[in-house]
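Heads up: the structure comes next, in structure tokens.
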Amino acid sequence: VMKIFVIFLILGLNNIINVYAETINREQLSKYIQELKSNDSSVRSSAVLSLGKIKDTRAVEPLITALKDEDSYVRANVADALGEIKDARAVKPLIDALKVGDCTEQKCVASALGKIKDVRAVEPLITALKDGSPEFRMAIADALGEIKDARAVKPLIAILKDDSAALALGKIGTPAVEHLIIALKDDDRYVRRNAALALDGIKDVRAVEPLIIALKDEDSNVRRSAAS
């Protein structure tokens, strides 16, 4: 009887603790959401960072609204927070935000889309890949690598001189193999080197012979990448 009483007592205490914790979390969440409307951009930014750490999906809609904040630093932090929460409701607003803002903001948006891993972002990211700055392209390539959609292979092959494209293609894996094998014969040594690096990461049997041939490449970096 005593054991049963102790078990019930422990369960009761756990329930009380859980209810108390939920109440505290709800109050914190409400406080941070309210602070998103502050006139002070530093307060808004701090609230956004806190919401990103909490990762509560109840914050998604207020954060989506905050994507249109007048301060670019706040908007960039909002994109980061939405990426941490990983809620599909944020995909369309983030895609829209991909077309505006400065480089820092756009990189945060691309990174968030990569973390959410929703295939709806693939085509918009590919479109942005063609026009973005080198830093922006790096963030886009990384996002496409995280999503792992085969549609991104050809656009990434087109910028294979960028190390970020090689890393992304390595993550996409099997759909990229044939394209990377062809790239091993490219006239540009940086393309050949990155093709070898990506293939080494994928470890597909189809790449064994082409990589062996690449060990005789005229460029030492290509040979080194093929041997790794």
Side-chain angles (χ1 to χ4, degrees), residues 21-149 151-152 155-156 159 162 164-165 167-168 171:
E22 174 60 25
T23 300
I24 295 297
N25 289 339
R26 189 164 55 246
E27 289 175 354
Q28 286 183 327
L29 182 69
S30 177
K31 172 180 176 289
Y32 294 139
I33 289 174
Q34 189 62 35
E35 287 177 349
L36 292 177
K37 302 174 183 178
S38 171
N39 292 326
D40 188 333
S41 62
S42 64
V43 172
R44 299 198 302 275
S45 186
S46 177
V48 169
L49 292 172
S50 296
L51 290 170
K53 291 177 182 178
I54 293 173
K55 300 180 184 180
D56 192 308
T57 56
R58 288 173 290 184
V60 171
E61 293 297 341
L63 284 170
I64 287 173
T65 300
L67 268 177
K68 297 181 179 179
D69 193 280
E70 62 183 21
D71 188 288
S72 63
Y73 184 69
V74 174
R75 294 196 301 269
N77 285 337
V78 169
D80 284 337
L82 288 170
E84 291 300 320
I85 297 172
K86 299 180 177 66
D87 191 290
R89 287 174 291 172
V91 173
K92 179 62 169 61
L94 284 168
I95 288 172
D96 292 338
L98 195 64
K99 307 167 188 175
V100 298
D102 58 27
C103 181
T104 299
E105 186 180 346
Q106 289 178 324
K107 286 191 298 181
C108 291
V109 170
S111 177
L113 288 169
K115 289 177 181 178
I116 297 173
K117 296 181 172 64
D118 191 300
V119 295
R120 287 176 292 168
V122 173
E123 291 297 341
L125 285 168
I126 288 173
T127 299
L129 190 66
K130 300 171 185 175
D131 304 319
S133 66
E135 289 185 2
F136 188 28
R137 284 202 308 271
M138 187 183 300
I140 295 170
D142 183 63
L144 289 169
E146 291 298 324
I147 298 172
K148 297 181 175 65
D149 190 289
R151 287 173 291 173
L156 287 169
I159 61 162
D162 293 357
S164 57
L167 292 171
K171 291 178 181 178

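Here the structure is a predicted model, which is why all the values come from computation and not from measurement. Numbering of residues begins at 1 and proceeds along the displayed sequence.
In terms of heavy atoms, Gly83 sits closest to Lys115 at O-CB, 3.5 Å. The minimum heavy-atom distance linking Ala79 with Ala112 is given by the pair O-CB, 3.2 Å. When all heavy atoms of Arg58 and Asp56 are compared, the pair lying nearest together is NH2-OD2, 2.7 Å. Shown here for Leu156 and Ala168, the closest heavy-atom pair between the two residues is CD1-CB, 3.8 Å. Here the shortest heavy-atom pairing between Pro124 and Leu98 reads O-CD2, 3.8 Å.
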Can Phe136 and Ile140 be said to form a side chain to side chain contact (heavy atoms under 4.5 Å, CB included), step by step? CA-CA 6 Å; Phe136 188 28; Ile140 295 170; 3.6 Å; yes
Under the side chain to side chain contact (heavy atoms under 4.5 Å, CB included) rule, what do Ile116 and Leu94 come out as? Steps first, then yes or no, please. CA-CA 10 Å; Ile116 297 173; Leu94 284 168; 3.7 Å; yes
From CA spacing to verdict: side chain to side chain contact (heavy atoms under 4.5 Å, CB included), Leu125, Ile147: CA-CA 11 Å; Leu125 285 168; Ile147 298 172; 3.8 Å; yes
Applying side chain to side chain contact (heavy atoms under 4.5 Å, CB included), run through Ile33 and Leu51 and close with a yes or a no. CA-CA 8 Å; Ile33 289 174; Leu51 290 170; 4.3 Å; yes
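Ile159 CD1 to Met138 CE: the interatomic distance, rounded to the nearest 0.5 Å, is 10.0 Å. From Leu29, atom CG reaches atom OG of Ser50 across 10.5 Å, with rounding to the nearest 0.5 Å. Taken to the nearest 0.5 Å, the OH atom of Tyr73 stands 9.5 Å off from the SG atom of Cys108. Expressed to the nearest 0.5 Å, how far OG of Ser41 lies from CZ of Arg75 amounts to 11.5 Å.
Remark: side-chain polar atoms of Arg89 are not paired, donor with acceptor, to backbone N or O of Ile64 under 3.5 angstrom. Not a single donor-acceptor pair under 3.5 Å links the side chain of Asp118 to the backbone N or O of Ala121. The backbone N or O of Ser42 lies less than 3.5 Å from no partner atom in the side chain of Ser46, so there is not a single donor-acceptor pair. A distance-only check finds no donor-acceptor pair linking the side chain of Asp162 to the backbone of Ala165 [under 3.5 Å].
Annotation: side chain to side chain contact (heavy atoms under 4.5 Å, CB included) contacts of Ala66 (sequence neighbours excluded): Val78. Listed by chain and number, the residues in a side-chain hydrogen bond (donor to acceptor under 3.5 Å, both in side chains) with Lys171 are Asp142, Glu146 (sequence neighbours excluded). Applying the salt bridge (charged side-chain N to carboxylate O under 4.0 Å, His left out) test to Lys37 and every residue at least two apart in sequence or in another chain returns nothing.
Under a cut-off of 6.0 angstrom, the local environment of CD in Glu135 is sparse, with at most 12 non-hydrogen atoms contributed by other residues, nucleotides or ligands.
Contact check on Lys31 versus Glu27 returns no salt bridge, with no Lys/Arg side-chain nitrogen under 4.0 Å from an Asp/Glu carboxylate oxygen. For the pair Lys92 and Asp96, the salt-bridge criterion is met [side-chain N within less than 4.0 Å of a carboxylate O]. Under 4.0 Å is where a charged nitrogen must lie from a carboxylate oxygen, and between Asp69 and Arg44 at least one such pair does.
Tested against Leu82 for a side chain to side chain contact (heavy atoms under 4.5 Å, CB included), the candidates Asp87, Val48, Leu67 yield a single pass: Leu67.
At a cut-off of 3.5 Å, with distance as the only test, a side-chain donor of Asn77 or Ser45 sits close to an acceptor on the other residue.
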